[in-house]
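Right, one structure below, let's go through it.
No hydrogens, no waters, no symmetry mates; every other heavy atom, side chains included, goes into these values. For clarity, every value in this text was computed on a predicted model and none was experimentally measured.
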Amino acid sequence: MTLKQAKKLARGALSDKRYQHTLNVKKEAVHLAGLYGADEEKAALAALLHDAAKERSKEELLQILQDNAIIAPGAASRPAPVWHGICAAILARTQWGVEDQEVLDAIACHTTGRPGMTKLDKILFLADMVSAERDYPTVGMLRRLAEQDLDAAVLEALGQNIEFVAQSGRPVDEMSRAAYNDLRQTLREG
């Protein structure tokens with residue numbers, strides 16, 4: 001899939017507001033990829049597709065997960081707010097012609113992170129958290145940290161995300177906790 005095709009697909013799948021978010025994430029992901037020496041084209045592709053399933057119904061997302069359980073084992077038992085990323089990765093692989101596993105993995109974990117995150121995983125996760133339209137109280141601090149230290153910024157963003165979900169009374173995805181603990185341990189050892 002080319003970037004032009006991905007952009008067209010995202011435009012057709014998303015509301016104006018969500019599409020603008022997607023373009024903002026793409027811009028930030030390409031910037032961070034350049035800053036940290038990652039593949040800018042992969043970052044752009046992952047960003048354009050990261051929310052492509054976001055506005056599908058919960059029932060449709062669940063059906064995609066159930067139909068593709070061999071690709072994403074256990075995904076249907078995870079909290080529903082993380083399904084769209086996993087489903088976007090499944091659709092990218094099975095219907096949209098994306099074969100690059102690094103791109104697929106980044107899309108799948110863009111809301112939660114995962115243990116052993118690649119540089120592309122971190123870039124997409126962080127770009128989604130600090131995209132231009134975001135305006136939560138700590139976003140400025142995260143943006144500044146993102147310019148200085150990718151790992152420290154991702155660790156902080158994971159921690160904030162876990163805290164936000166927990167405080168809102170929703171279940172925290174165990175993948176987020178595992179990603180946070182893994183990155184924290186890696187940084188301690190490094």
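Distance CD/Gln63 to SG/Cys87: 10.0 Å, rounded to 0.5 Å. The line from NZ of Lys8 to OG1 of Thr2 is 10.0 Å long, rounded to the nearest 0.5 Å. Expressed to the nearest 0.5 Å, how far CD1 of Ile107 lies from CG of Leu49 amounts to 4.5 Å. Between Met117 atom CE and Leu150 atom CG the span is 8.5 Å, to the nearest 0.5 Å. Distance check, rounded to the nearest 0.5 Å: CG of Leu23 to CZ of Arg18 gives 12.5 Å. Distance check, rounded to the nearest 0.5 Å: NZ of Lys17 to CD of Glu133 gives 8.5 Å.
Judged as a salt bridge (Lys or Arg N to Asp or Glu O under 4.0 Å), and not counting sequence neighbours, Glu55 has no contacts. Looking at residues two or more places apart in sequence or on another chain, you find a side chain to side chain contact (heavy atoms under 4.5 Å, CB included) between Ser57 and Glu59, Glu60. With sequence neighbours excluded, the residues that form a side chain to side chain contact (heavy atoms under 4.5 Å, CB included) with Ala47 are Val25, Lys26, Ala29, Leu124. Residues satisfying the salt bridge (Lys or Arg N to Asp or Glu O under 4.0 Å) test with Arg134, not counting sequence neighbours, are Asp128. Scanning for side-chain hydrogen bond (donor to acceptor under 3.5 Å, both in side chains) contacts around Ser168 gives Arg170, with sequence neighbours left out. In terms of the side-chain hydrogen bond (donor to acceptor under 3.5 Å, both in side chains) criterion, Asp135 has no residue partners (sequence neighbours excluded). Under the rule for a salt bridge (Lys or Arg N to Asp or Glu O under 4.0 Å), Arg184 has no partner lying at least two apart in sequence or in another chain. Among residues two or more places apart in sequence or in another chain, the side-chain hydrogen bond (donor to acceptor under 3.5 Å, both in side chains) test is passed with Gln160 by Thr138, Glu156. Residues passing the salt bridge (Lys or Arg N to Asp or Glu O under 4.0 Å) test with Glu174 are Arg177, sequence neighbours excluded. With sequence neighbours left out, Leu3 forms a side chain to side chain contact (heavy atoms under 4.5 Å, CB included) with Glu41, Ala44, Leu45, Leu48. For Ala153, the side chain to side chain contact (heavy atoms under 4.5 Å, CB included) partners two or more places apart in sequence, or in a different chain, are Leu126, Leu145, Ala146. Here Glu99 pairs with nothing under the side-chain hydrogen bond (donor to acceptor under 3.5 Å, both in side chains) rule; sequence neighbours left out.
Taking a 6.0 Å sphere around CD of Glu163, one finds it holds 12 or fewer heavy atoms contributed by other residues, nucleotides or ligands. Within a 6.0 Å sphere centred on OH of Tyr136, other residues, nucleotides and ligands contribute more than 12 heavy atoms. Atom CZ of Arg114 sits in a crowded spot, with more than 12 heavy atoms from other residues, nucleotides or ligands closer than 6.0 Å.
Contact detail for Trp83 and Ala76: the closest heavy-atom pair is CZ2-O, 3.3 Å. Nearest approach of Tyr36 to Lys119, heavy atoms of both residues: O-NZ, 2.8 Å. Residue Gly34 comes nearest to Glu40 through the heavy atom pair CA-OE2, 3.3 Å, listed as atom of the first residue, atom of the second, then distance. Of all the heavy atoms in Leu158 and Thr112, the pair that sits closest is CD2-O, 3.3 Å. Heavy-atom minimum distance, Ile162 versus Val172: O-CG2, 3.8 Å. Of all non-hydrogen atoms in Leu104 and Ala92, the two that sit nearest each other are CD2-CB, 3.6 Å.
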*Apply side chain to side chain contact (heavy atoms under 4.5 Å, CB included) to the pair Glu102 and Asp121, showing each step before the final yes or no.*
CA-CA 8 Å; Glu102 188 178 14; Asp121 294 342; 5.7 Å; no

*Assess whether salt bridge (Lys or Arg N to Asp or Glu O under 4.0 Å) is satisfied between Arg144 and Asp149, documenting all intermediate values.*
CA-CA 9 Å; Arg144 288 187 297 278; Asp149 186 327; over 6 Å; no

*Given the rule in the side chain to side chain contact (heavy atoms under 4.5 Å, CB included) test, do Asp151 and Lys122 qualify, once you have shown the distances and angles that lead to the verdict?*
CA-CA 8 Å; Asp151 288 337; Lys122 294 171 186 176; 2.6 Å; yes

*Could you walk me through whether His110 and Asp51 pass the side-chain hydrogen bond (donor to acceptor under 3.5 Å, both in side chains) test, one step at a time?*
CA-CA 9 Å; His110 84 268; Asp51 271 354; 3.2 Å; yes

*Between Leu91 and Val98, does a side chain to side chain contact (heavy atoms under 4.5 Å, CB included) hold up when you go through it step by step?*
CA-CA 9 Å; Leu91 293 170; Val98 177; over 6 Å; no

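Donor-acceptor pairing under 3.5 Å is recorded for the side chains of Asn24 and Gln20.
Under a 3.5 Å cut-off, the side chain of Asn161 and the backbone N or O of Ala157 do not form any donor-acceptor pair. Using a distance-only test at 3.5 Å, with no hydrogens or angles considered, no donor-acceptor pair links the side chain of Gln185 to the main chain of Asp182. Using modelled atom types, no side-chain atom of Arg56 and backbone atom of Leu61 make a donor-acceptor pair closer than 3.5 Å.
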